Amino acid sequence: MTTLDTARLAEGLREQTAGFARAVTGGDPDAWVPTCPEWRLRELAGHIGHAHRWAAELVREAAPVPIADPATDDPGPRDTWARWLRDGAEEVIGAVQEAPADARVWSLMGPTPPVFWLRRMLGDTVIHHYDAAATTGAAFDVADDLAADVISEGMGLLAVPAAAEFKPELAELRGRGETIVLRPDSGQDWMITRTPDGIRCDRGGGDGDVVVSGSVTELMLVFTRRVPPRNVTGDRALLDHWLAHTAF
């Protein structure tokens, strides 16, 4: 499922939650988030804190748990945010670490080991850490192995057939073998292939119809539509179509 073990995912979630907390507490709670234009900073903080707690409950219950209305994502007074956010991260880490070795929990991909939700919360936190930093001017940093896993995890989710039921636009990404390559400065490429049955995502593979190059962090931000691609060779329209249909 991931090249990162549970210990590294937990360490990464702690790192990124701490960075997110520093970023959100350094700005105006009512400031609009430019990369999530429907949210104010306090709603972004609430989303992360409640998402961690929701994932922890889902793992503990080993069954689907209703997702709360985003309007209820109130993080409380700003001077309590940092502790509240860290506590939420510890909840999901603890739930995953305490789950039986053979446990399976609900996910869009079907029954899955609980570590799926630790990885999912890490990916969500990394990207929203960037959103918070872009709003308040705080520093943003993520280790290369974590940024790479955010890309791999996101591609895996997009390739799940059930994802198109959740996000119908993904059905528009079926194709006839067109390929999009993300090429980091070091390490293996990611290759996305548009097949008649859906998206296939692989590591390695060589040149594609369009290639996007950059640092692994930059590619992560391009892939999640946080920054525009700078270094593109090949069929730019193919890349633009992909980005337009993978927005969340």
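Values reported hereafter were calculated over all heavy atoms of this structure, with side chains retained and with hydrogens, waters and symmetry mates removed. Note that the structure is predicted; figures quoted are calculated from it, not measured.
Scanning all heavy atoms of the two residues, the minimum distance from Val24 to Ala132 falls at CG1-CB, 3.6 Å. When all heavy atoms of Leu238 and Val210 are compared, the pair lying nearest together is CD2-CG1, 3.9 Å. Closest approach of Thr135 and Pro34 over heavy atoms only: OG1-CD, 3.4 Å. Pairing each heavy atom of Trp190 with each of Ser152, the nearest pair is NE1-OG, 2.9 Å. Of all heavy-atom pairs spanning Val59 and Ala99, the tightest one is CG1-CB, 4.4 Å. Among all heavy-atom pairs drawn from Gly76 and Asp74, the shortest one is N-OD1, 2.9 Å.
Although no hydrogens or angles enter the test, the distance criterion places a donor-acceptor pair under 3.5 Å between the side chain of Arg226 and the main chain of Thr224. For Arg236 (side chain) and Val232 (main-chain N/O), no donor-acceptor pair under 3.5 Å exists by modelled atom type. In this structure, the side chain of Trp81 engages the main chain of Pro77 through a donor-acceptor pair within 3.5 Å. Of the possible polar contacts, one joining the Glu178 side chain to the Arg176 backbone as a donor-acceptor pair under 3.5 Å is found. No side-chain donor-acceptor contact under 3.5 Å links His241 to the backbone of Ala237. With Gln16 contributing its side chain and Asp141 its backbone, the two residues share a donor-acceptor pair below 3.5 Å. Listed for the Glu43 side chain is a donor-acceptor partner under 3.5 Å among the backbone atoms of Arg40.
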Requested in this report: Evaluate the criterion side-chain contact (heavy atoms from CB on, under 4.5 Å) for residue pair Leu146 and Arg8; output intermediate values, then yes/no.
Outcome: CA-CA 9 Å; Leu146 300 182; Arg8 179 58 180 139; 3.6 Å; yes
Query raised in the report: Step by step, would you call His50 with Trp84 a side-chain contact (heavy atoms from CB on, under 4.5 Å)?
Result: CA-CA 10 Å; His50 284 101; Trp84 180 74; 3.7 Å; yes
**Report entry** Worked verdict on Arg200 versus Asp202 for salt bridge (Lys or Arg N to Asp or Glu O under 4.0 Å)
**Finding:** CA-CA 7 Å; Arg200 189 178 74 242; Asp202 304 289; 3.2 Å; yes
Query raised in the report: Can you check side-chain contact (heavy atoms from CB on, under 4.5 Å) on Val92 and Leu13, steps first, answer last?
Result: CA-CA 10 Å; Val92 69; Leu13 184 60; 3.4 Å; yes
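Annotation: side chain of Leu4 is not in contact with side chain of Arg119 (no heavy-atom distance under 4.5 Å). In this structure the side chain of Leu85 reaches within 4.5 angstrom of the side chain of Ile48, judged on heavy atoms. Put simply, the side chain of Met155 reaches to within 4.5 Å of the side chain of Phe223, judged on heavy atoms. Between Val126 and Phe20 there is no side-chain heavy-atom pair separated by less than 4.5 Å.
Residues Leu170 and Met191 do not share a hydrophobic cluster, defined by chaining ILVMFWY side chains whose heavy atoms lie under 4.5 Å apart. Linking ILVMFWY residues whenever their side-chain heavy atoms come closer than 4.5 Å, directly or via other members, leaves Val211 and Ile199 in distinct clusters. Transitive grouping of hydrophobic side chains (ILVMFWY, heavy atoms separated by less than 4.5 Å) brings Val222 and Tyr130 into a common cluster. Leu122 and Leu58 fall within a single hydrophobic cluster, where Ile, Leu, Val, Met, Phe, Trp and Tyr are joined by side-chain heavy atoms under 4.5 Å apart, directly or via other members. Placement of Val212 and Val181 in two distinct hydrophobic clusters is found when ILVMFWY residues are connected by side-chain heavy-atom separations under 4.5 Å, directly or transitively.
Applying the side chain to side chain donor-acceptor pair (under 3.5 Å) test to Arg14 and every residue at least two apart in sequence or in another chain returns Glu90. Partners of Glu153 under the side chain to side chain donor-acceptor pair (under 3.5 Å) rule, at least two apart in sequence or in another chain, are Arg120. Partners of Trp117 by ring pair (Phe, Tyr, Trp, His ring centres under 6.0 Å), not counting sequence neighbours, listed by chain and number: Trp54.
With values rounded to the nearest 0.5 angstrom, Leu158 atom CG is found 8.0 Å from Ile192 atom CD1. In this structure, Thr246 OG1 and Glu172 CD are separated by 13.0 Å, a value rounded to the nearest 0.5 Å. Atoms CD and CG, from Gln97 and Leu118 in turn, are 8.0 Å apart once rounded to the nearest 0.5 Å. Taken from CZ in Arg174 to CZ in Arg194, the straight-line distance is 11.0 Å, to the nearest 0.5 Å. Between the CG atom in Leu9 and the CG atom in Asp149 there is a gap of 6.0 Å [rounded to 0.5 Å]. A distance of 8.5 Å separates CD in Glu11 from CG in Asp145, rounded to the nearest 0.5 Å.
For the 3.5 Å distance criterion, the side chains of Asp124 and His47 qualify, holding a donor opposite an acceptor. Thr35 and Asp131 are linked by a side-chain donor-acceptor pair at a separation below 3.5 angstrom, with hydrogens and angles left out of the test. Side-chain contact check for Thr125 and His52: at least one donor-acceptor pair (N or O, by modelled atom type) lies under 3.5 Å.
Salt-bridge check for Arg203 with Asp189: failed, with every basic side-chain N at 4.0 Å or more from each acidic carboxylate O. The pair Glu91-Arg86 does not meet the salt-bridge criterion, since no charged nitrogen lies less than 4.0 angstrom from a carboxylate oxygen. The pair Arg183-Asp207 meets the salt-bridge criterion, with a side-chain N (NZ, NE, NH1 or NH2) lying under 4.0 Å from an Asp/Glu carboxylate O.
In this structure, His128 has its ring center under 6.0 Å from that of Trp39.
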